[in-house]
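These notes concern the structure reproduced below.
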Amino acid sequence: MIVLSVVLFLNAAFNALVWPQFYKRVANDPRARDENGKATAFLKVHAVLIAIALVLALVSVLAGVAALTGAL
């Protein structure tokens with residue numbers, strides 16, 4: 001179970017470190033907003049994908065803790 005926990009924590013750390021930085025790049029991309037400043041589908045789709053990745057990071061942390069405590 002320790003190996004499982006380590007893998008889950010590494011996954012969570014990767015998601016928590018990488019995806020917020022990627023969002024900054026996407027938000028500053030010229031395709032993110034139209035000429036009126038409104039968010040485009042490009043920004044919305046990436047925001048949803050990044051949100052899903054961060055939720056998976058949270059689930060990974062919770063599952064890692066559960067594995068360490070013997071709850072799995």
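A distance of 11.0 Å separates CG in L10 from CG in N15, rounded to the nearest 0.5 Å. To the nearest 0.5 angstrom, L49 atom CG is 14.5 Å from K44 atom NZ. Remark: L8 CG to M1 CE distance equals 10.0 Å, nearest 0.5 Å. One finds the CG atom of D29 at 4.0 Å from the CZ atom of R31 (value rounded to the nearest 0.5 Å).
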Donor-acceptor pairs are to be reported for all side-chain atoms of residues 54-68 against protein atoms at under 3.5 Å, with residues two or more places apart or in another chain.
residue: S60; atom: OG; partner: N11; partner atom: ND2; Å: 2.6
residue: S60; atom: OG; partner: L56; partner atom: O; Å: 3.0

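In the hydrophobic cluster analysis, where Ile, Leu, Val, Met, Phe, Trp and Tyr join through side-chain heavy atoms closer than 4.5 angstrom, I52 is grouped apart from F22. F9 and I2 fall within the same hydrophobic cluster, defined by Ile, Leu, Val, Met, Phe, Trp and Tyr side-chain heavy atoms under 4.5 Å apart, directly or through other members.
Residues Y23 and L43 meet the side-chain proximity criterion, which asks for heavy atoms closer than 4.5 Å.
Under the 30°/60° scheme for interplanar angles, the aromatic rings of H46 and F42 are found to be tilted.
By the side chain to side chain donor-acceptor pair (under 3.5 Å) test, R33 pairs with no residue at all, sequence neighbours left out. With sequence neighbours excluded, no residue forms a side chain to side chain donor-acceptor pair (under 3.5 Å) with D34.
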